[in-house]
Structure formats: structure tokens, C-alpha cells
Amino acid sequence: MERVITRRKAGQFLLVRHGLAGEWRYEGKEGAMAWLRMVRCLQFDPLNVVGYNPHLVLQSRIRGYRPEMLDELLYQDRLLFDGWDKNMSILLTEDWPCFARRRQTARARMLQNPKIAELAPLVIRRLEERGPLSSADLEFHEKIDWPWAPARLSRAVLESLFFAGEVIIHHKEGARKIYDLSRRHLPADVPDADDPNPTEDEHHDWHVLRRIGAIGMLWNKSGDAWLGIAGMKSGQRTASFERLHQSGRICKVIVEGLEKHPLYVKAEDMPLLDEVIRNGTGGPDRASMLAPLDNLLWDRRLILELFGFDYRWEVYKPAAGRRYGYYVLPVVYGDRFIGRIEPVLDRSRRRLIIRGWWPETGVEPADDLRISLADCIRRFTAFTGADLAQLDETAATAADMRKWLQI
């Protein structure tokens, strides 16, 4: 049956499902893996101001999270792998067969480039003989055209093999990627497993269901939530929504005020939605800083409609054009977004510097909120490895920070 709910209830459901409201639902490395099994995809970004995006996502909903937990899941346990889904992402190893189409397309593209096609077998032999290698370990220094900017041929060959599935990232040393042969590290039955979604319709249905699950509640509207799905146009997406709904794999939710654009929830999440309808967040209010590319924020128009929170990531804007700051994180508390914060990690002094704080209009610095914010900053400071947090007294928002943030 359809549910008709308010915007507030829809927002509460999203926050509870993501582990951002009410009691802590996830803890430690096992909790991180449990959350990842629910969302199936975690977006990666190379910027590291206070931590890489995947770590920022996890610290906000996994109690006691530390970056080494994700690294272990990736490069020791091999339950996860680096890949491409919604842009560069971290994915579940058990989902490797589902990306066979993407790897086949990448392999064909690799063979169309004569230089890369010629060197690929040589690089595979090097890996077989020497073990894990980075592009710096290969002597192919010629520059060739490559996405974003020209790159050394060594990098282009390794990345081509990576997207074709021949190699995976063995580990990282900072931003440096070290590759090895996939078959050495994936479970024996995974590399050659058949695609479980062999037809185009099945593949589209799997991807639509996957994106709904990654966010928790989603509509059939164009936007960033659908980035990275090659070959699926809006009409095909609509057909997938219809098939998934008719088969009972997703359920329709009508949000008051958004009747023209129904939202959809995975059928398995309906008991949680009904619980939230009855009891709200069902626990104490808690403040958390979110990542700029957090799953919850993949469709920012949806966040604006449900929460009235208009978030724009301003890292690619010139400084003079920024309304807030360079690397500003949204902050949630209870069942709403309450503001934005700009933390910067001074690694040499092991200090977390708060450069800016912008509360949302109508949010007041009540004592319980200020206490929760202080606890949020303490958790975040520990996550970054800093010894202490301090306010930037020269910041334009210094007066507001002193009023709101107990550091």
C-alpha cells in the first residue's frame, strides 16, 4: 500500500535509516560493514582537508569509527573494492559480477588505443613477476591524452587495466595507488562469475534499485543521484521504476506537497518507515557533521524539498564567489539540518581548526544543542587524529562560533 506522509516524516526516515538520528545503530568495523551492505556504494573523492570523503561519511554514523577500519575492509579483508559506480566509489566485492558490462566496455576501449593495447600484456607480466606496482614503478614516461588532463603512459595503462577489471588497487600510500592482479585477491569464484543481470532491462532495474537503496528514498527525477549509469536514459529509468513497483520490490510514498513526484522506498525498508511514522526518530537528538558527497546528499534538490536545506559544495568556486567556505560540511541534529561548519586539519600541530560556523535561520543555541555540538566536535577531533580543536578567532563568524561552539 502507498504511504502518505509529511516532509518531516520523510526526512526522519532518511536520517534514521542512515544511522544519523536516534540511538546509534552502527558501531566499529562490523557496524561500518553492516551500513555498507545496506547502501552498497560509497563515493570517493581525492580531496583530503579533514579526511577523505568515504571516511567522513562513515564517521558520522559509525560510533568509534577510525579510517583504518575502512582500509582493513578494502585491503586486508577484501570485502570491498575500489571501482566506478556513482563516479569513483567503494563497492562490495560480492557485487563485482554485477559490473561485468562496465568492465567489458572498458576493455573494448582499452584495445582501441594502440599504445595501451600493446603495453597492457607487458604490464600484466610485470605484475605476475614482481607483484604490486604503481605507475612510478613503470618506465613508460610518454604523455598521452587522458581524462581530465594528459597523463604518463604508465598511469594510463594501469588505469585501463583497472577499469577493465584485470587489476585492482592493492593498497594506497596517501594518494598513490598500488595495483595488483585482481585474481590474486578476489575470491576464486568472483572474477569469472556470470553477470546476474544479463538483459538490459534487468541491468537497469538493478541499478535503479541500487540507487534507491544507496540514498534510502528517491524519486524518478533527473539529477546527480543517477550519475554513472551508462546507457540509461530517462524513459528507460521510468520503465525500471514501473517494473520494480509492479513486482513489489519498491513501494510508493506520497509526501505532502510533493504529490507530483512520488518517492520510492525499497520494500524491505517499509517496516522501518512505518516505525518512523509511529515514533519519529525514537531516540535522543545527536549532532553530526556530514561529508560533502554523503549518500544522503546525492540528490540535493530532494534534501531542499524535505528539509529546506540548500547545500552547495563550493570547492570549485573562486574564493570571492563562495557564500560560505572552501570545504564546508553540513551539520544535522535531531531531525533537521541546523547549519554548516568549516573544519580544517592542521596536521603539523595536530589541531582541528574551526574556521566558520553558519547556523540555519530559526535555529537557536539552546543548551542541549550546544552540548550535542560540543560532543560532535570531540568525536570529529578524535576521528581526525588531532589532539584538540580550537576556534579561528580571526574568522568572520568568530562571534557566532563563541556563542554556539563550546571548545
Side-chain angles (χ1 to χ4, degrees), residues 2-22 25 35 38-39 41 43 57 60-61 86 208-227 237 241 245 250-283 285-313 324 328-341 358-363 369 372:
E2 294 180 3
R3 303 292 189 275
V4 179
I5 62 175
T6 64
R7 296 181 194 226
R8 185 181 184 192
K9 287 297 181 182
Q12 287 177 344
F13 165 75
L14 283 173
L15 291 172
V16 170
R17 185 180 183 272
H18 276 278
L20 292 166
R25 299 179 65 202
W35 186 82
M38 180 182 68
V39 299
C41 178
Q43 190 170 344
V57 173
S60 64
R61 59 260 279 166
K86 184 185 179 291
V208 168
L209 188 65
R210 180 179 179 83
R211 293 298 167 88
I212 294 172
I215 297 172
M217 177 181 282
L218 191 56
W219 49 21
N220 180 20
K221 291 182 66 175
S222 297
D224 287 352
W226 305 110
L227 289 175
R237 188 178 70 239
F241 267 94
H245 187 228
I250 60 175
C251 299
K252 184 183 292 187
V253 178
I254 305 299
V255 177
E256 294 173 0
L258 300 176
E259 289 84 358
K260 290 184 179 180
H261 300 287
L263 300 177
Y264 293 86
V265 172
K266 291 177 71 174
E268 62 216 57
D269 286 330
M270 290 304 290
L272 178 61
L273 175 61
D274 289 336
E275 176 67 21
V276 170
I277 292 171
R278 289 191 299 268
N279 300 317
T281 60
D285 292 336
R286 166 165 42 102
S288 296
M289 301 183 201
L290 303 190
L293 301 173
D294 196 289
N295 294 49
L296 183 63
L297 301 172
W298 281 5
D299 192 320
R300 292 174 185 165
R301 286 185 296 176
L302 179 60
I303 295 301
L304 178 60
E305 289 288 356
L306 296 182
F307 294 94
F309 185 74
D310 189 8
Y311 180 64
R312 295 290 183 272
W313 199 28
Y324 299 106
V328 172
L329 310 182
V331 180
V332 295
Y333 172 73
D335 62 1
R336 57 180 175 163
F337 285 79
I338 61 164
R340 303 152 213 262
I341 195 166
W358 299 269
E360 285 289 275
T361 302
V363 179
L369 174 50
S372 189

**From CD1 (Ile212) to CH2 (Trp219), nearest 0.5 Å** = 13.5 Å

**Message:** Between Glu305 and Arg7, does any side-chain N to carboxylate O distance fall below 4.0 Å?
**Reply:** yes

**Item:** Exceeds 12 heavy-atom contacts within 6.0 angstrom, atom CZ of Arg8
**Value:** no

**Prompt:** Can you check side chain to side chain donor-acceptor pair (under 3.5 Å) on Trp226 and Asp299, steps first, answer last?
**Reply:** CA-CA 9 Å; Trp226 305 110; Asp299 192 320; 5.5 Å; no

**Message:** Walk me through whether Ile254 and Lys252 qualify under side chain to side chain contact (heavy atoms under 4.5 Å, CB included).
**Reply:** CA-CA 7 Å; Ile254 305 299; Lys252 184 183 292 187; 3.9 Å; yes

**Request:** State the CG-CG distance between Asp285 and Leu369, to the nearest 0.5 angstrom.
**Result:** 9.0 Å

**Prompt:** According to the interplanar angle, ranging from 0 to 90°, do the rings of Trp35 and His18 count as parallel (below 30°), tilted (30 to 60°) or perpendicular (above 60°)?
**Reply:** tilted

**Asked** Quick one: does Arg211's side chain have a donor or acceptor within less than 3.5 Å of a partner on Leu227's backbone?
**Response** yes

**Asked** When you check the gap from the basic side-chain N to the acidic O, do Arg340 and Glu360 get nearer than 4.0 Å?
**Response** yes

**Prompt:** Under 4.5 Å between any side-chain heavy atoms of Phe13 and Val253, yes or no?
**Reply:** no

**Asked** Please walk me through it: do Arg3 and Lys9 pass side chain to side chain contact (heavy atoms under 4.5 Å, CB included)?
**Response** CA-CA 11 Å; Arg3 303 292 189 275; Lys9 287 297 181 182; over 6 Å; no

**Message:** Nearest 0.5 angstrom please: Leu258 CG to Lys221 NZ, how far?
**Reply:** 8.0 Å

**Prompt:** Got a salt bridge between Asp224 and Lys86, using NZ or NE/NH1/NH2 to carboxylate O under 4.0 Å?
**Reply:** no

**Request:** Taking the side chain as every heavy atom from C-beta outward, state whether Leu296 and Leu290 have any atom pair closer than 4.5 Å.
**Result:** yes

**Prompt:** When rounded to the nearest 0.5 angstrom, what distance separates CZ in Arg278 from CG in Leu273?
**Reply:** 9.5 Å

**Request:** Given salt bridge (charged side-chain N to carboxylate O under 4.0 Å, His left out), test Asp310 with Arg300 step by step and report yes or no.
**Result:** CA-CA 7 Å; Asp310 189 8; Arg300 292 174 185 165; over 6 Å; no

**Request:** Please determine if Arg61 and Asp294 form a salt bridge, counting it only when a charged side-chain N lies under 4.0 Å from a carboxylate O.
**Result:** yes

